[in-house]
Number of protein chains: 2
Amino acid sequence: MCAVKAVKRRQTNRREILLEAAARRFVEDGYAAASMRDIAGDAGMQPGSIYYHFPSKEELLVAVHEDGMRLIAEAVTAALARVDGKTPWDRLETACIAHLSVLLTGGDRIKAVMRNVPLENHPSRSNITKMRDEYEAIFARLLGDLALPKGTDLHTLRLMLLGAMNWSFTWYRAGAESPERIARKFIVMLRTQLDTGA
Amino acid sequence: MCAVKAVKRRQTNRREILLEAAARRFVEDGYAAASMRDIAGDAGMQPGSIYYHFPSKEELLVAVHEDGMRLIAEAVTAALARVDGKTPWDRLETACIAHLSVLLTGGDRIKAVMRNVPLENHPSRSNITKMRDEYEAIFARLLGDLALPKGTDLHTLRLMLLGAMNWSFTWYRAGAESPERIARKFIVMLRTQLDTGA
DNA sequence: GTCTATACTTGGATAGAC
DNA sequence: GTCTATCCAAGTATAGAC
């Protein structure tokens with residue numbers, strides 16, 4: 001039993017090291033320019049050895065993507081677990097702060113998610129779609145808990161808020177406004193009535 | 001002089017055909033999987049011939065990206081030219097409808113813009129940044145014309161609105177809600193006060 | 001000036017040894 | 001589970017035709 005666990009851990013470690021190395025290369029060089037040889041070198045193994053863990057470069061990308069999505073979901077879930085008593089708007093704000101913070105200041109395993117999206121048609125894509133749907137359901141629930149004006153389109157609201165946040169990786173620069181402040185401003189913008197009727 | 005024009009047109013056409021073929025392959029297969037040989041074949045030439053027009057695959061991507069951005073900017077500018085007399089909110093709505101419509105229902109030369117973004121570090125990236133800044137200035141101006149509540153953060157509002165719209169290519173499906181309706185809903189969401197104080 | 005033919009080089013992938 | 005050797009597809013360079 002101990003042996004089994006040891007072997008399992010060993011496997012996992014090597015796989016994790018590969019995921020980390022791949023994510024780094026994908027983020028730095030882009031998926032197309034990142035070579036399996038470079039990734040293998042960073043992970044301390046020979047190019048051919050990668051194929052014991054992943055059947056192809058594309059599958060490696062999918063694994064990196066899933067890994068990053070899982071980390072994001074865990075970060076947001078953990079943050080929400082800490083604010084259970086507050087108001088619905090507070091809970092939404094907490095989730096948005098966690099989402100933006102992990103997205104913008106997380107490591108390469110997180111950054112790789114937004115910068116390298118596997119193709120729509122790829123066979124292994126179904127699991128990614130499932131993960132994304134589950135993740136977005138968290139926000140759907142948070143929005144559903146708000147006391148919104150009658151007739152508010154929750155579906156559109158969710159797509160708008162998540163879209164605004166997810167796109168931020170294209171313009172965010174470290175040192176400028178913090179992810180937390182950005183998230184708070186997005187929420188304020190939604191809560192406020194911008195149309196003054198003037 | 002006629003000869004010069006003929007040669008010029010010939011150049012342009014071949015280049016255009018290449019851009020079209022490349023955009024199509026980039027969208028269909030993704031940048032990494034699209035081969036120069038396939039692109040050349042679609043454009044009716046030999047693989048090596050591409051290199052007379054573009055020095056590398058990456059530069060071809062940059063050219064496709066710039067081409068698409070230009071088409072988007074032209075579409076929005078043209079739409080705005082047609083509604084000069086209306087209210088600031090109407091003008092903003094017009095721009096958003098045009099932006100989303102061309103983005104979501106435009107051809108491959110448009111789709112390629114969102115789906116294949118050249119790397120940040122790439123040398124030829126400066127022109128893309130310049131084009132994007134100029135394009136976003138259009139929206140900055142439209143937002144500046146609105147009579148917004150005092151203290152509204154125009155910068156955040158622009159990033160939020162454009163982010164929500166740009167991200168839509170990840171979830172939009174033809175046949176579902178039209179780009180025009182989506183754009184209108186986004187605007188309504190911003191104009192409305194979502195916080196009922198309840 | 002534009003394209004073809006062809007060769008060079010890198011890189012994804014596989015087979016079999018250890 | 002990893003390495004070595006190898007294959008072949010694909011990016012790229014270039015010489016020369018027209």
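Order of the sequence lines fixes the chain letters, A, B, ..., with proteins taken first and strands second; residue numbering starts at 1 for each chain.
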Using a cut-off of 4.0 Å on non-hydrogen atoms, how would the nucleic acid contact of A/Ala34 be classed: base, sugar-phosphate, or nothing?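 If one applies the 4.0 Å heavy-atom cut-off, A/Ala34 turns out to touch the sugar-phosphate alone, with no base involved.
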NA contact type, A/Ala40, heavy-atom cut-off 4.0 Å: base, sugar-phosphate, or nothing? nothing
Phosphate OP1/OP2 of [N]: any [X] side-chain N/O under 4.0 Å:
| X | N | value |
| --- | --- | --- |
| A/Tyr51 | C/dA13 | yes |
| A/Arg14 | D/dT2 | yes |
| A/Gln46 | D/dT4 | yes |

Integer-rounded Å distance: [N] [atom2] and [X] [atom1]:
| X | N | atom1 | atom2 | value |
| --- | --- | --- | --- | --- |
| A/His53 | C/dA13 | NE2 | C1' | 16 Å |
| B/Met36 | C/dC3 | CE | P | 14 Å |
| B/Leu61 | D/dG11 | CG | P | 13 Å |
| A/Ile50 | C/dA15 | CD1 | P | 17 Å |
| A/Leu18 | C/dG12 | CG | P | 14 Å |
| B/Met45 | D/dC18 | CE | P | 19 Å |
| A/Glu59 | C/dA13 | CD | P | 10 Å |
| B/Phe54 | C/dC3 | CZ | P | 11 Å |

Looking only at side-chain atoms of B/Ser49, point me to the closest of C/dT4, D/dG11, C/dG11. C/dT4
Given 3.5 Å as the limit, does a donor-acceptor pair link the side chain of B/Thr196 with the main chain of A/Ala147, or not?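 Side chain of B/Thr196 to backbone of A/Ala147, a donor-acceptor pair under 3.5 Å: yes, one is there.
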For the side chain of A/Arg25 and the backbone of A/Tyr31, is there at least one donor-acceptor N/O pair under 3.5 Å apart? no
Side chains of B/Glu59 and B/Ser124: is there a donor and an acceptor less than 3.5 Å apart? yes
Ring centre gap for A/Phe186 and A/His99 strictly below 6.0 Å: no
Does A/Phe26 have its ring centroid less than 6.0 Å away from the ring centroid of A/His65? no
